[in-house]
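Start at 1 and go down the list; that is how both ligands and their atoms are numbered. Just so it is clear, the values below take in all heavy atoms, side chains as well, and ignore hydrogens, waters and symmetry mates. Predicted, not measured: the structure shown is a model, and the values here were computed from it.
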Amino acid sequence: MSSGGDFCICSSVLCFIILKTILVDAAGDSFILEVSPGPIVGQLGSSVTLPCWTSPPINTEALEICWYLPEQFYFPVLLYHDGKIQETQEERYRNRSSLTLRSVQSNGLKDGDVSLRLENLTIGDAGVFHCYVSGDKSYDSQAVTLNITAVGSPLVLFSKPVSDDDTQLNVSCRSSGWFPKPSVLWKSDRTNLSTGGTSHTRATDGTFSVQSWTLISSSDVQQVFCHLSLSSGEERKGGIDIQAIRSSSGSPSEGPWKVLFILTLVILSLLGLGFIFYKYREKLPGKKTDKKKTDEETNTQMTPLVVCNDEVIKKLRKHADVITLDPKTAHPDLKITADLRAVRDSGHYPPKESGVFPYELCVCGDQTFNSGQHYWEVELKVKNVSTKDYWLIGLMKQGNSCSADKSALTPSNGFWFLCSDGPNGVHTSTDTSVTLSFSPKPQRLGVMLDYDKGQLSFYDITEYKHLLTMNTKFSGSVVPLFNPGVGDHSPLRILDLTEPAEASDPTVPLLDSQNTA
Ligand SMILES: *[C@@H]1O[C@H](CO)[C@@H](O)[C@H](O)[C@H]1NC(C)=O
Ligand SMILES: *[C@@H]1O[C@H](CO)[C@@H](O)[C@H](O)[C@H]1NC(C)=O
Ligand SMILES: *[C@@H]1O[C@H](CO)[C@@H](O)[C@H](O)[C@H]1NC(C)=O
Ligand SMILES: *[C@@H]1O[C@H](CO)[C@@H](O)[C@H](O)[C@H]1NC(C)=O
Ligand SMILES: *[C@@H]1O[C@H](CO)[C@@H](O)[C@H](O)[C@H]1NC(C)=O
Ligand SMILES: *[C@@H]1O[C@H](CO)[C@@H](O)[C@H](O)[C@H]1NC(C)=O
């Protein structure tokens, strides 16, 4: 607030009632105020117009106009008198509020349009605003309700079997950055599904993260869709193709049952081995991460599971593309092999304070995509060297450049990726990110882009797991994006899936520990 004499004349609202009775029926300039019925809905971070106008239209240029919150006459949102906007604004509305036109046809103050424009909306802006105009002979006040909405990040879907046989799947859907709490609807290709459970958590900026799950019978359902919607009508949808991440085993005509049975046995025994190994590892000293506590709040522990199998991976590989790195796009602190397939940090990169992933340390693929399905695999482990802890793999809009600022790396800015940040777990590049932890760490990651469907799916190829699917919308050309992080012993290597030996047996390590960097 500025000093002394310039205090808000909105206080005259206090004598509103008395004056109204005196001035009632005053000839000439008498007017009432009108506002649009029902709440005005504004999107978090954007701007909104709260319409308010005199009836009949009168010239309000010389009148006093005040927008204020209930009970806050002295700290107005906006005060106009003596022909200009006064600076006695409440601090949090300074530079965010102005008088505006309620439509393009409006002549503004000349015709009694005193509509308020508010910019950079925050959750705290939701509520009632009073519009007040005072002339010599008449004045009036009206209330306008402002609702704030925020549509959250693209939905991330993943599934896990409920029991050993994967007849029942638990499909989860996550998204953050919503306001108010969205409602959840699960659907299959044919019917509504019942929601198993939904939980909400509140972020520091006031928005909600949502996690919902449903149980499905994997033989009955082809596709599962998660819909999140607000009462204002805004919504986001995401789907997951159950048959694509499972196998085509649903149709018996496609192959003899025996093969299927053996295949299942193989998978089950692999699962068994994996499980024993996993248990054993748990017993090793020093295995527990100290971040355990915080992880549990936001993470889903992805214990060993087999959802996809050989067949699924074969199907994915039908869409395999040859991906090479484009050295022109590489950060100077990266080393790229001559075959343009492997990348790692050069060792010159200045160490970051811990817990800060080096997002700018990236390189793009040389291939661009603007339609269709594309698949590639990335090796995150070299024989007898530990699996990478740090990596970032995904897509970026062509022409973007990687910034060190995580908050800039969102789908709306043209970044879609999964990032493994050591003990901090794995997060997605969603406007407010979704964090997961995969156990064991993926040794080979499969990336499936379905451009037209707007889906980016990640698979753990060694574990036969579908990790998650991001549901988003692509526009323009996108390029593969890679970031090897800092300090790992293994490089990040794109596999050549055109070599026949590799395509036929995904369990054989594809990468010999030749010097890659
Ligand atoms: C409003 O803008 C002026 C200059 O345009 C600036 O000096 C002032 O700090 C701003 N106030 C707020 C609250 O942002
Ligand atoms: C409103 O947001 C824009 C873009 O984020 C920013 O440049 C501007 O400074 C903000 N204005 C105020 C008054 O906060
Ligand atoms: C399904 O998974 C969610 C986590 O994604 C979990 O909270 C829920 O308890 C699971 N439900 C069942 C029946 O396993
Ligand atoms: C599915 O649920 C929605 C919302 O509850 C409802 O409007 C719709 O009629 C339902 N559809 C079917 C096929 O049950
Ligand atoms: C505005 O918000 C109120 C309370 O939060 C809610 O009941 C109402 O449905 C909302 N209206 C619109 C149009 O979003
Ligand atoms: C990797 O294994 C080979 C034998 O297979 C061994 O000679 C070599 O020392 C191992 N390297 C590391 C880094 O452990």
State the atoms of ligand 3, each with its element, that fall below the 4.0 Å cut-off from a heavy-atom position in Lys160. 2 (O)
Would you please test Asp460 and Thr462 for side chain to side chain donor-acceptor pair (under 3.5 Å) and show each step? CA-CA 6 Å; Asp460 181 333; Thr462 21; 3.1 Å; yes
So, the side chain of Asn147 versus the backbone of Val41: is there a donor-acceptor pair under 3.5 Å, distance only? no
Protein contact to atom 9 (O) of ligand 5 [nearest heavy atom, distance to 0.1 Å]: Ser231 OG, 3.9 Å
Could you check whether the rings of Trp376 and Phe369 sit parallel, tilted or perpendicular, using 30° and 60° as the cut-offs? parallel
Just which atoms of ligand 5 are under 4.0 Å from any heavy atom in Pro39? 11 (N)
Between Ser172 and Lys160, do the side chains contain a donor N or O and an acceptor N or O under 3.5 Å apart? no
For ligand 4, is there an atom lying under 4.0 Å from some heavy atom of Thr191? no
Is there any N or O on Ser232 that sits under 3.5 Å from an N or O of ligand 5? no
Can you sort out which atoms of ligand 3 are near Gln211, meaning under 4.0 Å from one of its heavy atoms? 4 (C), 5 (O)
Please state which protein non-hydrogen atom is closest to atom 14 (O) of ligand 4 and give its distance, to 0.1 Å? Asn192 ND2, 3.3 Å
Can you name the atoms of ligand 4, numbered from 1 with element, that are less than 4.0 Å from a heavy atom of Leu185? 2 (O)
Please work out which of the three classes, parallel, tilted or perpendicular, describes the rings of Tyr359 and Phe417, given edges at 30° and 60°. tilted
Of the listed options Gly197, Pro161, Ser199, Ser172, closest to atom 5 (O) of ligand 3 (non-hydrogen atoms): Ser172
Find out whether the Lys NZ or Arg CZ of Lys181 is both under 6.0 angstrom from the six-membered ring centre of Phe208 and within 45° of the ring's axis. yes
Any donor-acceptor N/O pair, Ser97 side chain to Val77 backbone, under 3.5 Å: yes
Nearest non-hydrogen protein atom, atom 13 (C) of ligand 5: Val41 CG2, 3.9 Å
Do me a favour and list the nearest non-hydrogen protein atom to atom 8 (C) of ligand 5 with residue, atom name and distance? Asn147 ND2, 3.7 Å
For a quick check under 3.5 Å, do Ser98 and Thr100 share a side-chain donor-acceptor pair by atom type? no
Would a search of protein heavy atoms around atom 11 (N) of ligand 4 find one under 4.0 Å away? yes
Nearest-option assignment for atom 2 (O) of ligand 3, heavy atoms, candidates Thr214, Asn170, Leu215: Asn170
Are Trp416 and Phe474 an aromatic pair by the rule of ring centers under 6.0 Å? yes
